[in-house]
Amino acid sequence: MCCSAKLVQIWLASLKLQVLEKLDMAPLTRIGLAGLAVMGQNLALNIAEKGFHISVYNRTTSKVDETVERAKQEGDLPLYGFHDPESFVKSIQKPRVIIMLVKAGAPVDQTIKTLSIYMEKGDCIIDGGNEWYENTERREKAMAELGLLYLGMGVSGGEDGARHGPSLMPGGSFMAYKHIEDILLKVAAQVPDSGPCVTYIGKGGSGNFVKMVHNGIEYGDMQLIAEAYDVLKSVGKLTNEELCQVFSEWNKGELLSFLIEITADIFGTKDDKGEGYLVDKVLDKTGMKGTGKWTVQQAAELSVAAPTIASSLDGRFLSGLKEERVEASKVFKSIGIRDILADQVVDKVKLIHDVRQALYASKICSYAQGMNLIRAKSAEKVWDLKLGQLTRIWKGGCIIRAVFLDRIKKAYDRNPNLPNLLVDPEFAKEIIERQSAWRKVVSIAINSGISTPGMTSSLAYFDTYRRSKLPANLVQAQRDYFGAHTYERVDMDGSFHTEWFKIAKRSKI
């Protein structure tokens, strides 16, 4: 028995040694990814598909197993799953690069805490979530104290983009970016005439800030498209079949974009749980995750006018008041949506043409506001962001990808110091050509009782920006009257204050 036991011990020791030798010989992976919700899984599979060996980890181990299984099914991809953070980190070659795709805020801090214990100086952490840019700057400083590099990287394109090629906006440590540049260049969306949809954005939280504004522009785009739909349906009485045809046609010209494309698809989708079309069964209550709100808050902080984006946010707020709106519709039932064209046949072709022009002109204003916000923040933080490069990497992969972006890039290439897209010669010409139709659509909507806050605020933005003189002189005079805030004059230099109240009182005696 004693001899047998000894032989067993020797055999076990030999087996253990063989296992350890195999582990030591196992090739280390090129990169790691922590956080395996849909976006994380798809980005990991994208990286593996491009030939990079990747380790994956998730606190809920079933997600790890699910991802490993997907990798096998989708082409036996070089993806390796780990159930504990230590073995996950140690499976990656040095200097280690780990992408996190977890919920913004506290979960990011917790994930960093969990992983950084096993990381070494020179290793790099990349946050690929929609994070507040100041959190990224705070974390970059904290990681630097530990000798770790840090990037905040905006990822746009949804789950499909993550799997097949997103738009990537990395900002923070340039050294960290160089560690992963070869991977990002292959993983990002590829646009034939302009290359991979990724570039080093800049220092600090610039990557997250640019992604935030991208999302704000996205809010504006979606609101404007919804308003075009509302006018065509409520005034023009277009059916879903007709709307599908209209948006499909629009997607062949200057409005060609991902959002116009999917809108056409939505109008053509039948309800699989009942009669009719699915879009008519979707509750008119829009959700949000916060980036649009952050964009509007930053616009206010930097004194940058962004009324189109702000109106889209207000639209989401109001859509959330579904129960209140139902009750309000009963109170105001007598007016409803007015059919101002009841006594005449609606010229659908003309209406479709005018709405198309109004949508495009409003879209220019929305992008102008977003780019001005990025410029203002870049100046404040000394990020030296290149606006033309940003629009280049938005041309593919991301939600706001559009043929229109190539024209914006060319505008900034012509004049890097362009104060506003509206005054670029080409865009100015297009706005002038479309402004008549734009005004008609807004007027029809107002007179019909249809709210078009995006188009209306875009038109007001354009009309305000193009005027050399505004009624702001009266507002400043009022401020000086009640608060002695002083004012400037148009005919002489200096700052002035008038005793308005005393003068008014004397004149009334």
Between Thr269 and Tyr277, is a side chain to side chain contact (heavy atoms under 4.5 Å, CB included) present by the stated rule, with each step listed? CA-CA 6 Å; Thr269 303; Tyr277 287 83; 5.9 Å; no
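- Lys233 has no carboxylate O lying under 4.0 Å from a charged side-chain N of Asp230, or vice versa, which leaves the two without a salt bridge.
- Side chains of Tyr133 and Lys377: a donor on one and an acceptor on the other come within 3.5 Å.
- The environment of Lys186 atom NZ is sparse: at most 12 non-hydrogen atoms of other residues, nucleotides or ligands sit within 6.0 angstrom.
- Side-chain N/O atoms of Thr291 and Asn130 include no donor and acceptor closer than 3.5 Å.
- No more than 12 heavy-atom neighbours from other residues, nucleotides or ligands sit within 6.0 angstrom of NZ on Lys293.
- Between the CD1 atom of Ile364 and the CZ atom of Phe404 there is a distance of 5.0 Å, given to the nearest 0.5 Å.
- Atom CE of Met455 and atom CD1 of Ile446 lie 12.0 Å apart (nearest 0.5 Å).
- Looking only at atom types and distance, the side chain of Gln369 has a donor-acceptor partner in the side chain of Thr308 under 3.5 Å away.
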Quick one, Lys50 with Asp182, criterion salt bridge (Lys or Arg N to Asp or Glu O under 4.0 Å). Give me CA distance, side-chain angles, the key distance, then yes/no. CA-CA 11 Å; Lys50 298 304 185 295; Asp182 61 326; over 6 Å; no
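- For the side-chain hydrogen bond (donor to acceptor under 3.5 Å, both in side chains) test, residues two or more places apart in sequence or in another chain that qualify with Asp384 are Lys386.
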Check the pair Asn372, Arg375 against side chain to side chain contact (heavy atoms under 4.5 Å, CB included), reporting the backbone distance first and the verdict last. CA-CA 5 Å; Asn372 282 357; Arg375 186 210 308 281; 3.9 Å; yes
Evaluate the salt bridge (Lys or Arg N to Asp or Glu O under 4.0 Å) criterion for residues Arg392 and Asp406: first the C-alpha distance (whole Å), next the side-chain angles of each, then the deciding distance (0.1 Å), finally the verdict. CA-CA 7 Å; Arg392 181 191 69 77; Asp406 192 50; over 6 Å; no
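- A donor atom on one side chain and an acceptor atom on the other are found under 3.5 Å apart for Arg70 and Asn42.
- Shown here for Leu33 and Ala44, the closest heavy-atom pair between the two residues is CD1-N, 4.0 Å.
- Side chains of Leu36 and Glu66 form no contact here, defined as non-hydrogen atoms less than 4.5 Å apart.
- Heavy-atom neighbours of Gln297 CD from other residues, nucleotides or ligands within 6.0 Å: above the threshold of 12.
- Put simply, the side chain of Met153 reaches to within 4.5 Å of the side chain of Leu184, judged on heavy atoms.
- Using a 4.5 Å heavy-atom threshold, the side chains of Lys270 and Leu278 count as separate.
- Counting non-hydrogen atoms of other residues, nucleotides and ligands closer than 6.0 Å to CD of Glu301 gives a total of 12 or fewer.
- With sequence neighbours left out, the salt bridge (charged side-chain N to carboxylate O under 4.0 Å, His left out) criterion links Lys330 to Glu327.
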Derivation of the side chain to side chain contact (heavy atoms under 4.5 Å, CB included) call for Leu373 and Phe209: CA-CA 10 Å; Leu373 177 54; Phe209 190 89; 4.3 Å; yes
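- At a threshold of 4.5 Å between non-hydrogen side-chain atoms, the residues Leu151 and Asp127 do not count as touching.
- Remark: Arg316 CZ is packed, more than 12 non-hydrogen atoms of other residues, nucleotides or ligands lying under 6.0 Å away.
- Separation of the Tyr200 and Tyr177 ring centroids falls under the 6.0 Å cut-off.
- Residues Phe317 and Met288 have side chains in contact (heavy-atom distance under 4.5 Å, counting atoms from C-beta outward).
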Stepwise, does the salt bridge (Lys or Arg N to Asp or Glu O under 4.0 Å) test hold for Glu218 with Lys211? CA-CA 10 Å; Glu218 179 185 308; Lys211 174 56 165 56; 5.9 Å; no
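- The structure places SG of Cys244 at 7.0 Å from CG of Asp265, a figure rounded to the nearest 0.5 Å.
- Summarising the geometry, atom CE belonging to Met100 is positioned 6.5 Å from atom OG1 belonging to Thr111; distances are rounded to the nearest 0.5 Å.
- Within a 6.0 Å sphere centred on NZ of Lys103, heavy atoms belonging to other residues, nucleotides or ligands number 12 at most.
- Classification of Glu430 and Arg407 as a salt-bridged pair holds, one side-chain N sitting under 4.0 Å from a carboxylate O.
- Looking at Asp424 and Asn415, their side chains never bring a donor and an acceptor atom within 3.5 Å of each other.
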Go through Arg163 and Glu159 one step at a time and tell me if the salt bridge (Lys or Arg N to Asp or Glu O under 4.0 Å) criterion holds. CA-CA 6 Å; Arg163 180 64 184 86; Glu159 57 184 82; over 6 Å; no
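- Donor-acceptor pairing under 3.5 Å is recorded for the side chains of Gln223 and Glu227.
- The number of heavy atoms from other shown groups lying within 6.0 Å of CD (Glu275) does not exceed 12.
- Using a 4.5 Å heavy-atom cutoff, the side chains of Leu302 and Gln298 are in contact.
- We find that Glu137 and Lys203 are not joined by a salt bridge, their nearest charged nitrogen and carboxylate oxygen being 4.0 Å or further apart.
- In this structure, Arg414 pairs ionically with Glu426, as a charged nitrogen and a carboxylate oxygen lie closer than 4.0 Å.
- Of the residues Ile54, Leu77, Val56, the one that meets the side-chain contact (heavy atoms from CB on, under 4.5 Å) test with Leu45 is Leu77.
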Under the criterion side chain to side chain contact (heavy atoms under 4.5 Å, CB included), I'd like the reasoning laid out for Tyr219 against Thr295: C-alpha separation, chi angles, the key distance, then a yes or no. CA-CA 10 Å; Tyr219 272 51; Thr295 303; over 6 Å; no
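- Contact record, Gln190 with Pro196: OE1-CG, 3.6 Å, taken as the closest heavy-atom pair.
- Partners of Arg356 by salt bridge (charged side-chain N to carboxylate O under 4.0 Å, His left out), not counting sequence neighbours, listed by chain and number: Glu254.
- Using a 4.5 Å heavy-atom cutoff, the side chains of Gln41 and Thr67 are in contact.
- Contact annotation: the side chain of Arg467 approaches that of Leu470 to within less than 4.5 Å [non-hydrogen atoms, C-beta and beyond].
- The aromatic rings of Tyr465 and Tyr461 sit parallel to each other, their planes meeting at less than 30°, with 60° as the upper class boundary.
- Atom OG1 of Thr456 and atom CD1 of Ile450 lie 11.0 Å apart (nearest 0.5 Å).
- Of the N and O atoms on the side chains of Ser156 and Ser167, not one donor lies less than 3.5 Å from an acceptor on the other residue.
- Expressed to the nearest 0.5 Å, how far CD of Gln389 lies from OG of Ser194 amounts to 9.0 Å.
- Judged by distance alone, the side chains of Asn417 and Tyr412 never bring a donor and an acceptor atom under 3.5 Å apart.
- A ring-centre distance under 6.0 Å is not found for Tyr360 and Phe427.
- There is no side-chain donor-acceptor pair under 3.5 Å between Glu249 and Gln245.
- Aromatic rings of Tyr229 and Phe267 (six-membered ring for Trp) have centroids within the 6.0 Å cut-off, being under it.
- The 12-atom threshold is not exceeded at NZ of Lys410, counting heavy atoms of other residues, nucleotides or ligands nearer than 6.0 Å.
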